[in-house]
Every structure is written in structure tokens, then in C-alpha cells.
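Chain letters run A, B, ... following the sequence lines, proteins first and then strands; every chain starts at 1.
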Amino acid sequence: MTTPLLRGLNPEQLAAVTLPHESALILAGAGSGKTRVLTTRIAHLIQSGLASPSGIFAVTFTNKAAKEMLARLAALLPINTRGMWIGTFHGLANRMLRAHHREAGLPALFQILDSADQLGAIKRLLKALNVDDEKYPPKQLQHFINGCKEEGLRAHMVEAFDPYSRKQRELYAAYDEQCQREGVVDFAELLLRSYELLQRETALRQHYQSRFRHILVDEFQDTNHLQYQWLKLLAGEQAAVFAVGDDDQSIYAFRGARVGNMADFERDFQVEKVIRLEQNYRSHGNILDAANALIRHNQSRLGKNLWTAEGSGEPIRVFEAHSDYEEAGFIVDEVKALQREGVPLSGIALLYRSNAQSRVLEHALFNAAVPYRVYGGLRFFERQEIKHALAYLRLIGNSNDDGALLRVINFPTRGIGARSLESLQEIARSEGISLWQAAQLKRMSGKAGATISAFTALIESMRETCAALPLPEQVEHMLDHSGLVAHYKSEKEGADRLENLNELINAAAGFELEHSAEDVDGAPDALTAFLTHASLEAGEHQAEAGQEALQLMTVHAAKGLEFHAVFISGLEEGLFPHENAAKERDGVEEERRLMYVAITRARRRLYISFADSRMLHGQLRYGIASRFLEELPPQLLKRINHSGAAQPMQQPAASSAATGASGWHIGQAVSHPKFGPGIIINSEGRGADARVQVSFSHAGVKWLALEYAKLEAS
DNA sequence: TTCCAACTGTTTTTT
DNA sequence: ACAGTTGGAA
């Protein structure tokens with residue numbers, strides 16, 4: 001038991017890593033060394049000869065997690081991890097479908113639609129079928145279709161008792177037909193197809209079942225119904241499934257995650273050992289005590305209590321601000337103080353419940369010249385210009401991809417207007433063929449026919465040239481000959497886009513370098529492999545990483561990360577827990593888990609702040625402290641105000657949005673001789689120009705000049 | 001085809 | 001507040 005691999009593991013970790021060949025559930029608390037256990041288990045199985053690298057199937061949710069697992073494994077063992085079945089659910093499903101595309105009923109060059117592509121496909125479908133998109137909103141339909149697929153249901157299996165549902169079901173069926181015709185597959189389809197493939201093809205199923213004797217699942221609490229069924233099918237009777245998860249960190253129920261899979265798993269796989277990893281190596285005691293106390297308020301839990309060998313550490317600092325503006329000011333000051341103490345900005349996180357909250361915070365940080373980096377938002381492969389470029393590439397790979405064709409047939413403009421397109425679509429529909437094939441028929445007359453022919457000829461010529469070129473040159477050739485580069489060169493604000501297109505060539509070069517020429521996850525050629533890569537991992541959330549900056553992100557985005565110091569902002573009822581959550585079943589419990597995740601991100605110092613008033617949707621809203629604050633043991637907290645004194649203040653801080661020395665402040669109750677009682681909700685200007693906005697109980701909202709209005713405090 | 005004004009919907013999000 | 005989308009006019 002003293003092989004170097006196992007050294008330094010605590011008893012629970014060791015037990016998990018060295019479990020015999022049986023299915024097990026590992027309840028891994030935050031900061032308990034989950035990834036280490038997972039990778040060490042794989043390494044242990046291989047090293048001790050209990051499994052060969054090819055007999056291991058390890059699945060994660062994100063590419064980041066998969067990459068980390070591979071990297072750590074490579075560091076533990078001198079083996080080639082390439083070719084091992086370690087990846088994301090979608091990545092592995094894709095690999096399986098590529099390998100058996102014929103049996104799965106897919107073309108060899110099938111392309112993957114991301115969410116935006118899928119939505120576009122649905123809009124196109126509705127238009128083609130003349131369906132009122134107000135009655136059947138595309139977004140809702142997308143949600144419906146994905147929901148069905150994630151339940152493992154094909155259109156014909158969906159129950160529908162009213163006309164509306166029947167229509168939805170019909171549209172689902174039509175959507176699947178359209179995808180099949182075009183040779184494209186959406187995210188949920190990757191999993192469903194691969195599930196059906198295993199279910200239908202007995203020999204194939206048995207092959208994989210006997211091959212993968214060890215299946216390891218990361219973040220098991222986030223699996224949805226289909227993912228669980230898929231794993232069950234793959235495991236068969238022989239495999240040992242090693243499921244690692246934390247029910248207290250389940251924060252994705254809103255997108256279909258079923259924590260219930262954990263209980264089902266215990267039953268379905270006759271799990272005898274539930275191992276709890278409760279020793280936390282990340283945070284000081286006070287932080288863990290707070291997290292434990294909070295999460296105890298949840299009813300449905302498997303039960304777990306984090307502890308640490310470290311001391312209690314500092315108290316949790318709680319700050320009540322008058323406004324979101326003042327809250328931001330407080331955070332800026334504290335960040336600067338931490339910086340002075342020598343804490344690097346990259347070790348500090350500023351978390352919020354919803355993205356909209358970042359604006360005020362960013363504003364304050366910008367004004368204070370504190371470098372920061374916001375996570376979330378547009379990713380590289382989701383940018384408009386990149387999407388256009390990828391559409392050209394997709395069309396080169398697969399001419400039947402109507403979505404790709406429609407995206408670029410008139411971009412840059414080639415004089416192919418709506419009329420020409422409509423007649424082309426008419427031909428395609430009546431013949432049951434793709435737009436490309438319809439264009440080949442050359443049935444269109446006159447100028448429209450000529451311009452369309454010119455387009456198909458262009459694509460054909462690019463296809464021929466590209467066939468002989470290495471991937472980066474293919475991309476470059478396409479960019480030059482499609483007219484994209486010329487188009488963005490002539491556009492006044494096209495410089496960034498040009499840069500991104502250039503970056504696409506680099507991305508292709510990097511991709512080719514990393515994945516040796518042939519056989520990337522079973523893709524038939526480099527271009528398809530690259531396009532798959534673009535769909536399956538849309539790239540970094542923000543381009544310039546590495547730079548020393550404060551880390552801003554939502555609590556969701558912070559899951560899995562840790563920081564020396566953490567600020568959790570906006571702890572108000574309605575915001576956190578979010579008001580919408582109260583309406584959903586178990587909504588508040590999920591919000592509480594979210595808060596639990598937020599707290600457990602902090603290693604040494606934790607700030608929690610809330611504001612009595614904040615701008616939301618363009619309106620000033622008054623809030624009260626979140627119930628989650630009351631659920632934290634008071635003895636762990638230190639309440640502070642802006643000046644650092646221990647008691648809450650009477651007067652607004654001088655730097656706040658209040659009207660300076662005039663004595664009025666936002667939130668103050670006032671009365672007016674004519675309008676009656678009200679509350680100050682906003683202010684602007686100074687001295688003689690000072691005005692306040694007052695929300696009167698009976699007279700509505702009004703702006704009043706302080707110099708003239710006879711306002712009285714009340 | 002292009003541009004601007006009006007309109008909308010704003011929790012969280014990976015693949 | 002604000003960004004993204006759409007519909008109509010130029």
C-alpha cells in the first residue's frame with residue numbers, strides 16, 4: 001500500500017482509489033480531492049494490472065475537466081493517453097457515432113449543430129412548413145425537442161393529448177427529418193443516437209460492454225436521464241461504475257440534471273459502498289462551518305459534513321450597502337486592500353448570481369483602474385464572423401447542409417436575394433432534396449440562375465483546391481476566396497473580425513499540430529475533425545487569459561474553482577435566492593446549493609455583501625437581506641461598514657449616490673406638501689442643480705429640484 | 001439592401 | 001438599462 005501512487009491519500013480517498021471491481025458511489029465534498037481520486041483510481045487500475053488503458057471509460061461534462069483528467073493521468077503514468085476513452089459525454093458519443101456511422105444511419109461527414117445552429121434550423125423549419133412562429137416560438141420548440149431527447153423520447157414516443165402538443169410533436173418529427181436530410185446532428189442527438197445504437201446493435205453493445213470493465217463518471221449529480229440510461233446500457237452486467245459526485249453541488253437541475261440519478265444508481269447497481277470524502281483541503285474552518293450550516297437547511301440530501309485539519313481562520317465579512325453602487329465601492333476598496341496585503345488579483349473572485357449584476361461592479365472597477373476579467377459571454381467559435389467561416393467549411397465538407405448554405409449564400413452579398421432563395425427553396429421542397437441539389441438542377445431562369453450557379457461553382461472550386469491542402473491552408477484559401485476577408489476589410493468596424501478570422505487559421509494550425517493528421521476521434525478527415533472540435537468545444541470564454549486580473553463570474557461559472565479570497569455580492573431576497581426560483585419545485589433548495597458552492601470557493605477569506613437598493617431592469621428596486629444570510633451562524637460573521645467600523649451607519653457614505661451635503665439620500669422617506677409621502681429613489685446633480693426622484697405613495701414617480709421643492713424628511 | 005426605430009425580454013449554461 | 005431582434009421605410 002505504499003506505492004508512490006497511493007502515498008498521501010487519506011483513508012477514505014485510499015479506500016475509493018483501491019475499491020475492488022464493483023460499482024461504487026463516491027460522495028465527494030467540495031475541495032475533498034475529487035479529481036485526484038478519480039485520476040489516481042484510473043492510474044491504480046492500470047498500474048496494478050487490473051485494467052488496461054483501453055478497458056477504461058471515463059466521462060466528464062466539460063472539456064476542461066476531461067483535459068485536466070488526461071493531463072494528470074499522463075503525469076502519474078508513463079502511458080499514451082491518446083486513444084483512451086476519456087472525454088465528455090458528447091465527445092465520447094461523437095467518437096462512437098463516427099466509428100459506427102453506418103449502423104447509426106449517419107453520413108461519414110456528419111456535422112454537429114451547436115445551440116445557435118439548432119435554433120436556426122428550427123426557425124428555418126417553421127418557415128418552410130408555414131407555421132406561425134408566434135404560436136410556436138422557436139426557442140420554446142428547441143427546449144421541447146431537447147427535453148424530449150434528454151428523456152430518451154423520439155417524436156413517436158411522445159404523449160400528446162391536445163392539439164398544441166400534437167403539433168409540437170409533429171414539428172419535432174419534422175425537425176429530426178430535416179436534420180437527417182441535411183446530415184447534421186444536434187448535441188442531444190449525439191447522445192440519443194449513440195444510446196439507440198447500443199440498444200439496437202446487440203453485437204456492438206456486447207463488444208463495448210465487455211471492453212469497458214471500468215466506467216468512471218465525474219460530477220455524477222449533473223447527469224440527466226439520458227446520460228444515466230446511456231451509462232447503464234454501456235455498463236451492462238459486467239462493468240464496475242465508479243460514480244463521483246456531490247448532491248450538495250447539484251446546481252443544474254434547470255437544464256435537466258437529475259440528482260435522483262444518485263439514488264437510482266445505488267439501487268440499480270447494487271452499490272454496497274458509499275464512500276464519503278469529507279475532509280476539505282481548501283478552506284479554513286469558519287468558511288466550512290458556514291457552508292455546512294447553510295446546507296443543513298436543505299431537506300433532500302444524502303448527508304455530508306465537511307471538516308478541515310486547518311484552523312478556523314478569519315470570520316466571514318458581511319457588508320450591508322445602501323445601494324448596488326455603494327456595494328461596488330466597498331468591494332473595490334477591499335480588493336485594493338487585499339492587493340496591498342500581497343494577494344494577487346487572480347487569486348480573488350467576485351461572484352454574482354446573475355450576469356446583469358456585473359455592470360455596476362465593472363464600472364466601479366474600471367473607474368478605480370483595477371484590472372479585471374469577466375468570464376462568460378461570447379466564445380471564439382460562436383462569433384458571427386467565425387460562424388460564417390465555419391459555414392463555408394461545412395458546405396465544403398457537406399453540400400447538403402442547408403443551414404450552412406443559407407448562412408453564406410449571400411454573405412458577402414452576391415445579389416442572391418430573398419426571391420431567388422424562395423424559388424430555390426420551393427424546388428428543394430417539392431423535390432425533397434437539399435438546396436444544393438436544387439441549385440444543381442439549374443431550373444432557375446435568367447440572372448438568379450446565373451448567380452446561384454456562380455455560388456455553387458465557387459464552393460466546388462474551393463472544395464477541389466482544399467482537398468489537396470493541409471488544414472490551415474484550407475481555411476486560408478476559403479477565407480480569401482469566399483470574399484469574407486474582403487468584406488470585413490471594407491467594413492469600418494471589421495478590424496476585430498479580421499483579426500478573429502486570422503486567428504481561425506492559427507486555431508486550425510494548432511489543432512492540426514495537436515491532433516496528428518489522421519484519426520481524430522474517428523473523424524474521416526482533418527476538416528471534419530476541426531469542425532467537430534469547433535462545435536464540441538467552442539473555445540475559451542475569453543481570449544486573453546493569464547493576465548493578472550480580478551476574476552468576475554457568476555456563481556455557476558465558479559463551480560470547480562477556488563480562490564484565496566471570494567466576494568459574493570447581491571445577497572438579497574429576489575436576487576439570491578432568485579425570485580424565479582421560489583416558483584419552481586425545490587427551487588430554493590437549488591439556490592441554497594448554489595450559495596453553498598459560492599461559499600466553498602474561498603480558501604482564506606470570504607466577503608458577503610448586499611444592498612438595500614439596486615437598479616434592476618432600469619428600475620430602482622428595494623431589497624432585504626437574503627434568507628441565506630440568516631442561515632449562517634452569527635458567531636462566524638463580522639458585520640462591517642464602509643469605514644471599517646463595527647456598527648451600521650446612520651448616514652450614507654460620502655461617496656454614495658446620495659446628494660452629498662444636502663442631507664438627502666436614496667431610500668429616504670420624505671413628504672411633499674402637494675404630493676404627500678414618498679421615498680427618494682434616485683438623485684442627480686449637485687448644489688443648485690441637485691434633483692431627486694421621488695416615488696410618491698399616491699402621486700407616482702417625479703423628479704424634483706431640491707432648491708424649489710419643499711421636501712421634508714419624514 | 002440598408003438603416004433606424006420600435007419592441008422585447010432579460011437566472012443560472014455545457015455540449 | 002440595455003442588448004438583441006424585427007419590421008418598416010428609404
Side-chain angles (χ1 to χ4, degrees), chain A residues 59-66 87-94 112-120 123 133-134 137-140 143 146 149-150 185-192 194 218-219 222-224 226-227 250-257 324 351-360 362-363 375-379 381-382 384 410-420 491 532-539 541 553-560 570 574-584 587-588 590-591 593-595 597-598 614-621 682:
Chain A
V59 62
T60 65
F61 274 86
T62 64
N63 292 297
K64 199 173 152 209
T88 63
F89 276 97
H90 295 85
L92 295 176
N94 169 65
I112 299 166
L113 301 184
D114 69 16
S115 308
D117 298 331
Q118 184 189 33
L119 187 62
K123 285 180 178 165
D133 61 1
E134 303 226 314
K139 283 229 177 72
Q140 207 178 300
H143 183 77
N146 290 336
K149 290 190 179 186
E150 280 163 15
V185 164
D186 62 52
F187 287 137
E189 183 72 21
L190 282 172
L191 279 161
L192 183 53
S194 136
D218 189 21
E219 304 278 16
D222 288 338
T223 51
N224 64 32
L226 179 58
Q227 285 158 345
S250 159
I251 55 173
Y252 287 112
F254 74 91
R255 66 170 198 217
D324 47 355
L351 309 183
Y352 34 81
R353 177 65 203 4
S354 59
N355 286 305
Q357 288 167 252
S358 77
R359 249 192 47 249
V360 183
E362 285 186 66
H363 186 79
Y375 288 78
L378 255 200
R379 293 146 90 201
F381 287 108
E382 292 169 352
Q384 184 212 106
N410 201 33
F411 191 96
T413 49
R414 310 189 160 82
I416 302 177
R419 308 158 292 289
S420 319
E491 207 172 57
T532 299
H533 163 81
S535 300
L536 248 32
E537 37 188 315
H541 250 309
M553 66 192 88
T554 63
V555 180
H556 282 92
K559 192 179 163 200
L575 237 203
F576 200 178
H578 196 276
E579 53 194 344
N580 294 355
K583 300 170 200 150
E584 285 156 37
V588 174
E590 176 145 324
E591 294 287 304
R593 291 193 291 268
L594 200 48
M595 183 64 187
V597 167
R614 78 169 60 240
M615 281 307 255
L616 201 63
H617 307 326
Q619 278 206 310
L620 195 74
R621 302 235 299 203
N682 205 351

Close N/O contacts between protein and nucleotides 10-12 of chain B (under 3.5 Å):
from	atom 1	to	atom 2	distance (Å)
dT11(B)	OP1	Asn580(A)	ND2	3.2
dT11(B)	O4'	Arg353(A)	NH1	3.4
dT11(B)	O4'	His578(A)	NE2	3.4
dT11(B)	O2	Arg353(A)	NH1	2.5
dT11(B)	O2	Arg353(A)	NH2	2.4
dT11(B)	O4	Glu584(A)	OE2	2.7
dT12(B)	OP1	Asn355(A)	N	2.8
dT12(B)	OP1	Asn355(A)	ND2	2.8
dT12(B)	O2	Arg353(A)	NH2	2.7

Under the ring pair (Phe, Tyr, Trp, His ring centres under 6.0 Å) rule, collect the residues that match up with [X], sequence neighbours excluded.
X: Phe411(A); answer: His388(A), His487(A)
X: Phe187(A); answer: His90(A)
X: Phe381(A); answer: His533(A)

Exercise for the section: For dT6(C) and dT11(B), measure between their C1' atoms and round to the nearest Å. Expected result: 25 Å
Exercise for the section: Can you tell me, in whole Å, how much space there is between the C1' of dT14(B) and that of dA3(C)? Expected result: 23 Å
How long is the line joining [atom1] of [X] and [atom2] of [N], in whole Å?
X: Glu219(A); N: dT15(B); atom1: CD; atom2: P; value: 12 Å
X: Leu226(A); N: dT15(B); atom1: CG; atom2: P; value: 17 Å
X: Asp114(A); N: dT13(B); atom1: CG; atom2: P; value: 16 Å
X: Gln227(A); N: dT13(B); atom1: CD; atom2: C1'; value: 13 Å
X: Lys559(A); N: dT15(B); atom1: NZ; atom2: P; value: 12 Å
X: Leu191(A); N: dT14(B); atom1: CG; atom2: P; value: 16 Å
X: Asn410(A); N: dT2(B); atom1: CG; atom2: C1'; value: 13 Å
X: Arg255(A); N: dT14(B); atom1: CZ; atom2: P; value: 7 Å

Sequence neighbours left out, what passes side-chain contact (heavy atoms from CB on, under 4.5 Å) with [X]? Give chain and number order.
X: Thr62(A); answer: Lys64(A), Ala65(A)
X: Arg414(A); answer: Tyr392(A), Asn410(A), Pro412(A), Ile416(A), Phe455(A), Leu458(A)
X: Glu584(A); answer: none
X: Ser194(A); answer: Ala93(A), Met96(A), Leu97(A), Trp230(A)

Practice task
Check whether any side-chain N or O of Asn63(A) sits under 4.0 Å from OP1 or OP2 of dT14(B), and answer yes or no.
Solution key: no
Problem - Arg379(A) with Asp114(A): basic N within carboxylate O range, under 4.0 Å - result: no
Problem - Short N-O contact, Arg255(A) and Glu150(A), less than 4.0 angstrom - result: no
Exercise for the section: Quick one: label Asp133(A) by what it contacts on the DNA or RNA (base, sugar-phosphate, nothing), any heavy atom closer than 4.0 Å. Expected result: nothing
Practice task
Under 4.0 Å between any heavy atoms, over every strand shown, what does Ser115(A) touch: base, sugar-phosphate, or nothing? Just pick one.
Solution key: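 It contacts base atoms.
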Exercise for the section: On DNA chain C, reading 5' to 3', which nucleotide is the first and which the last to sit with an atom under 4.0 Å from a heavy atom of chain A, could you check? Expected result: dA1(C) to dC2(C)
